[in-house]
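Just so we're on the same page: letters track the sequence lines, and every chain starts at 1. Any value given below was found using the heavy atoms of this structure, including those in side chains, with hydrogens, waters and symmetry copies removed.
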Amino acid sequence: MSSFAGRMKEYPTISLDRFDRENLHARAYFLSHCHKDHMKGLKGPILRRKLQFSRTVRLYCSFVTKELLLNNPKYAFWEEYIVALELESPTQISLVDEASGEKEEIVVTLLPAGHCPGSVMFLFEGSQGNVLYTGDFRFAAGDVSRMEHLHSGSRVKDIQTIYLDSTFYDPRFYQIPTREFCLDGISELVRNWISQSAYHVVWLNCKAAYGYEYLFTNLGEEFNTQIHVKSLEMFKKMPEILSYVTTDRRTQIHACRHPKAEEFFQGSRLPCGCTASDGTPLRIISIKPSTMWFGERTRKTNVIIKTGASSFRACFSFHSSYLELKDFLSYLQPFNIYPSVIPLGRTLTEVTQMLMLMCRNQTDQAATVYKPLGALKRCIVKQPTYDSDSDEKLFDGLDIAPVRKKMALNQEIKNVKALQETAPPVPVEESFPLTVTDTQSVSRNYADCTESNDEEEEEEEEEEDKKLSQDEVEMMIKEAENIEVAGSSNPPKWEDFFTTETLPDSQNSLSSQLQSCCSVPSPSPSKMTGSQTPDLFSEEEETPDNDENFSLTLSASLSNHSSQNQDSYFPDTLILHPGQHGDSRINTQEKESNEELSASQASSDFDIPCTPESKMPHPDELSQLYRKLASGEEVVIRKGSQGSM
DNA sequence: GCGATCAGCT
DNA sequence: CACAGCTGATCGC
């Protein structure tokens, strides 16, 4: 969940994804996507009244976000104040102070973020430099290199600061299987179930949030059917989604919801109550999309996990993995990175420290790595980039300083490491007191802001950061080592985590052809299988290395409590084999490659446009890049595809 | 009665 | 497997 407080240090007169408290005074608003945790205050009466008296304040978002927002009556009053912007179309906006008439010009460009329908990043270009606010996003490795508006000619634009969706910026979330790969696993499971009879139905146990439409459209396309959902209203102007969803319950794939859906399912009922017309009981499996990650050292192999006799979890992520974020950041090399999310179990300090490694002047900092500890501490205090006067309260109750400002902490950790841990790690609270006493000027500018609340929150956060114990610092060191290990030897690759399956049929050759032309973005999720194919399915209790055979024997012993589950719907001998549906996949691929994609781009936002002069980085190049970044070397980019240091 | 916040649940 | 949001209890205005 985003804890971004709404304003960016560089352009403090605009607010993004937060609409309460000090954001009430913004000259312009931006909404990256239509998820509630990015809409706080958006229906507040104070803001509503302000709009009625304003002639210039507007809310900027994508067309799809506008449509989804206005579909909810609680936000309908925004209609006359929303300005929908085309994707990838730089737009100049005048930021006017209505009291003084003072004006600032800024150029904003919306970039598709791949998080949910309508989701965008905002690229701001103005007097304070280029700033990228990512909102929530999922980019695959290499996607960033195909974003035309992050380039100027053949060079990467100079990005001052990135406000980053850091949901999975943690080595625990090292890898998450690609969208296409997860979709393949889900398709496989669905196919094997619904092909058994017309009474075999699938319930996609999706949460009440936008973002699963990608799953619906792809399954709808693949099985030439529609997915049952509660309402079509919000998609009424989005034909490419609308054509794959229905309110007609007579379909084999459901994504309907009900407060007691889980109970219903245990009683062999769908959330919508649908039954077969002839009275034959439906045979239901549930598939719950969940984020599964593959840690650096954990060897997992499956994107489908069986959690009960007829229950499955399927890998599905709206956010970039650690590795994908590193790819993104190492390509753009901003000077500053602010995390907008602190992963569960992490502290701000930890995340900040890890993000430091990805900042552009990391190489300059590396020069002092081997200085003695004492001298280093003085360096910290005199960090030229540490500007305590300019601190702002960018996050709820958090004093988020620029990542660059805290690089010295990283130096200390490296230093400790260099001393081979003979000296005890420097306690963080000594070298970096995360005090907030000089950071409240912004809040105090506004009467609406409740200072007491702020201080309470800040104290809590301060307390949290002070809890960073010696043990935790050591843990951070180990993680820093992990990063360097990954760079100095061979970084783990996708294939390392998954079994390579050699298939006898034509599927393999098609796959390798698809992979060989991966420098061109696929018009829609490509159906890559074959040599990259891992086990798509597993039972929860499987042994880690139980991946030698794609066949699956499902034991009835897994049956649990429910009456439905006592009757295991998967026979023991059911074989799930990717080769059995090769033909249908080939057809799908051919059909998709011939389709125009402009329509689907409008609301799916999962297609990254092609930049003619860029190409997808080769894994070897990435590997080299990571190695250099980790060792603090200057990164020289080949063929002018990236800006200079 | 409304909104904010939190625990609990998925 | 940890995202996003609902429900219900509680509190304050």
Please give, in whole Å, the distance from B/dT10 P to A/E263 CD?
-> 9 Å

Figure out the CG/P separation between A/D170 and C/dC3, and round it to whole Å.
-> 11 Å

Between CH2 of A/W293 and P of C/dA2 the distance, given in whole Å, is 6 Å

Which whole-number value in Å describes the distance from A/R257 CZ to C/dC3 P?
-> 18 Å

Would you mind classifying the nucleic acid contact of A/F168 as base, sugar-phosphate or nothing, using non-hydrogen atoms under 4.0 angstrom?
-> sugar-phosphate

Kindly say whether the aromatic ring centers of A/Y60 and A/Y29 come within a distance under 6.0 Å.
-> no

Please determine if a side-chain N or O atom of A/K36 lies less than 4.0 Å away from the OP1 or OP2 oxygen of C/dC3.
-> no

Would you say a side-chain N or O of A/R313 is under 4.0 Å from OP1 or OP2 of C/dA2?
-> yes

Between A/P259 and A/A209, who's closer to the 5' end of DNA chain C by nearest nucleotide?
-> A/A209

Quick one: is A/H115 getting a side-chain N or O under 4.0 Å of the C/dC3 phosphate, OP1 or OP2?
-> no

Take atom CZ of A/R346 and atom P of C/dA2, then tell me their distance rounded to the nearest Å.
-> 17 Å

With respect to the phosphate group of C/dA2, does any side-chain polar atom (N or O) of A/S290 fall under 4.0 Å of OP1 or OP2?
-> yes

Taking the side chain as C-beta and beyond, is there a heavy-atom pair between A/Y214 and A/F316 under 4.5 Å?
-> yes

Can you check the A/L24 CG to B/dG3 P distance for me, whole Å?
-> 15 Å

Does the pair A/E263/A/R269 count as a salt bridge with the N-to-O cut at 4.0 Å?
-> no

Interatomic distance, A/K288 NZ vs C/dC3 P [rounded to whole Å] | 13 Å

Would you check if there is a donor-acceptor pair between the side chains of A/N205 and A/S286 at a distance under 3.5 Å?
-> no

Donor on one side chain, acceptor on other, A/D136 and A/H35, under 3.5 Å = no

A/L344 or A/Y210: which one's nearest nucleotide on DNA chain C is closer to the 5' end?
-> A/L344

Whole-Å distance, A/K43 NZ to B/dA4 P, equals 7 Å

Ignoring backbone atoms, test whether A/K40 places a side-chain nitrogen or oxygen under 4.0 Å from the OP1 or OP2 oxygen of B/dT5.
-> yes

